[in-house]
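Let me begin by presenting the structure, written as structure tokens, before commenting on it.
Everything quoted here is computed from the prediction, not taken from an experiment.
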Amino acid sequence: MSGLVKILLYFVASVALSLLVAPLVIKIMRKLKAKQTVLGYVKQHEHKSGTPTMGGFIFLLPTIVFSLVEFQRFSLVAAALSAGFCVLGFLDDFIKIRYARNLGLKPYQKIIGQLGLSFAAGWFAYASKDVGSAINLPFSTFTLNMSWGIIPFVMLVYVATTNCVNLTDGLDGLAGYTSVAYFLWFAILLYFIYDDAVKAGNSEYAKEALSLCVFSASMLGGLLGYLVFNGYPAKIMMGDTGSLALGAACASVAVFSKNPLLIVTSGIMYVLSGISVILQVLYYKLTKKRIFLMAPFHHHLEMKGLHESKIVTIYFVCSMVGGALTLIFARAI
């Protein structure tokens, strides 16, 4: 079976599996009264309070299952890290549900968990001969060898990415559609990397690159199945259970392919979410004024009168363009 056929089969199977498990997850979450508590100051979303949450299991399950089937180091570690962040997010969601509030784990508890999992990712990258301490520089054939510094750098990438994806998860389908674009373009890039390895006769690395491509294709398929139920109006939300796992998956495909800098373009809307919050907080502390009507930026657009479906469309289009730029930057030379 050719690599492309295998990837497409995993993709189709992931869509099918997510569509099968989604109604069951929704039913279980309703039975367990696992309902979303909406921030009190987001008036536009008051009607969403009570929507089932923890929907991240819908797209994470196919990814983990097919990563186990593929059974290569890259896909297994990526799946394990996503599962680890999923557990962290689950604890956060559980506390919110248990006490009917929008605040779950305390910030220091969440960051300790994120740092611990991120350290494991950094150590794996540093110790792996297929990843190592060098990262690719966009628009060039050069690499930057960071030596042991790759460990704290990877930790920063994981913490930043997971939190930015978490911030982006604020509207029906928003994090889902931006992530569809992300994994679509990274799956294409990873297939090119796999094909290059095959042509170079490096069969061992080709298997690892293919497994990471399978991971991306499975996540893509799982997200598409999830979006059938999460698109406006959402029947279920991913919660931190899903958004933290999703962020870890985004970081994993970039770090393990030695292309962490490409997150800036492929995940351009995640970056916008993170930067808008940072700027809002810093500017307010300095001037007691706000740059945006509300942060993250998608809430600012809501306050300006845009419907959330329109905002999701804008974010998806920008993410697709950012993904195309990612491929250009990675393959231009």
Side-chain angles (χ1 to χ4, degrees), residues 14-15 17-39 42 45-67 79-107 109-110 113-114 117 161-180 183 218-250 270 308 312:
S14 296
V15 175
L17 182 56
S18 62
L19 287 171
L20 284 172
V21 302
L24 179 61
V25 171
I26 294 172
K27 184 177 181 180
I28 291 173
M29 294 310 162
R30 282 177 177 164
K31 188 173 182 179
L32 295 176
K33 297 181 179 180
K35 299 177 180 180
Q36 182 73 27
T37 302
V38 176
L39 287 168
V42 186
H45 296 178
E46 286 179 335
H47 65 283
K48 298 182 181 183
S49 187
T51 303
T53 188
M54 298 190 189
F57 290 120
I58 296 170
F59 56 80
L60 188 60
L61 179 63
T63 307
I64 292 176
V65 168
F66 296 125
S67 293
L81 288 166
S82 297
F85 275 92
C86 175
V87 171
L88 184 64
F90 171 80
L91 292 174
D92 194 46
D93 285 335
F94 176 79
I95 293 172
K96 293 175 186 176
I97 294 163
R98 177 68 177 80
Y99 297 101
R101 65 190 193 197
N102 199 264
L103 297 175
L105 291 172
K106 294 179 180 178
Q109 294 173 325
K110 188 179 290 188
Q114 290 176 334
L117 290 165
T161 305
T162 52
N163 283 291
C164 285
V165 173
N166 183 252
L167 289 171
T168 306
D169 182 33
L171 304 177
D172 293 354
L174 189 63
Y177 276 107
T178 52
S179 298
V180 161
F183 286 106
S218 299
M219 184 62 78
L220 172 61
L223 282 166
L224 287 174
Y226 164 75
L227 282 168
V228 172
F229 302 90
N230 179 245
Y232 182 84
K235 295 181 180 179
I236 191 167
M237 299 179 182
M238 68 173 67
D240 282 9
T241 299
S243 63
L244 293 184
L246 193 56
C250 290
Y270 305 147
E308 61 182 288
V312 170

Once you round to the nearest 0.5 Å, how far does [atom1] of [X] lie from [atom2] of [Y]?
| X | Y | atom1 | atom2 | value |
| --- | --- | --- | --- | --- |
| Leu246 | Ser179 | CG | OG | 3.5 Å |
| Arg30 | Thr51 | CZ | OG1 | 9.0 Å |
| Met238 | Phe59 | CE | CZ | 4.5 Å |

ring-ring contact (aromatic ring centres under 6.0 Å, His included) partners of Phe85, counting only residues at least two apart: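 For Phe85, no residue satisfies ring-ring contact (aromatic ring centres under 6.0 Å, His included) once neighbours in sequence are set aside.
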Contacts of Tyr177 that satisfy ring-ring contact (aromatic ring centres under 6.0 Å, His included) - sequence neighbours left out: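 Checked Tyr177 against ring-ring contact (aromatic ring centres under 6.0 Å, His included); matches are Phe316.
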Not counting sequence neighbours, which residues clear side-chain hydrogen bond (donor to acceptor under 3.5 Å, both in side chains) with [X]? List them please.
| X | value |
| --- | --- |
| Thr162 | none |
| Ser18 | none |
| Ser243 | Asn166 |

Residue pairs, two or more places apart or on separate chains, that pass salt bridge (charged side-chain N to carboxylate O under 4.0 Å, His left out) and touch residues 227-245: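 Output for this query lists Lys96-Asp240, Lys110-Asp240.
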Distance-minimising heavy-atom pair for [X] and [Y]:
| X | Y | result |
| --- | --- | --- |
| Pro23 | Leu20 | CD-O, 3.5 Å |
| Met237 | Tyr226 | C-OH, 3.5 Å |
| Met29 | Pro52 | CB-CB, 4.0 Å |
| Ile64 | Ala83 | CD1-CB, 4.1 Å |

Residues Asp93, Thr241; criterion side chain to side chain donor-acceptor pair (under 3.5 Å); working and verdict: CA-CA 7 Å; Asp93 285 335; Thr241 299; 2.6 Å; yes
Answer yes or no: is there a donor N or O on one side and an acceptor on the other, between the side chain of [X] and the main chain of [Y], under 3.5 Å?
| X | Y | value |
| --- | --- | --- |
| Asp92 | Leu105 | yes |
| Glu308 | Asp172 | yes |
| Tyr270 | Asn163 | no |

Qualifying residue for side chain to side chain contact (heavy atoms under 4.5 Å, CB included) with Ile28, from Ile26, Val25, Leu24: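 Going through Ile26, Val25, Leu24 one by one, the side chain to side chain contact (heavy atoms under 4.5 Å, CB included) with Ile28 is satisfied by Leu24 alone.
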Test side chain to side chain contact (heavy atoms under 4.5 Å, CB included) applied to [X] - qualifying residues, sequence neighbours left out:
| X | value |
| --- | --- |
| Ala245 | Leu60, Cys86 |
| Leu174 | Thr168, Leu171, His298, Val312, Tyr315 |
| Ser14 | Pro62, Phe66, Ser218 |
| Thr161 | Val157, Val165, Cys250, Ala251, Ile263 |

Check: Met54 and Ile236 side chains under 4.5 Å, non-hydrogen atoms: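 A side-chain contact under 4.5 Å is absent here.
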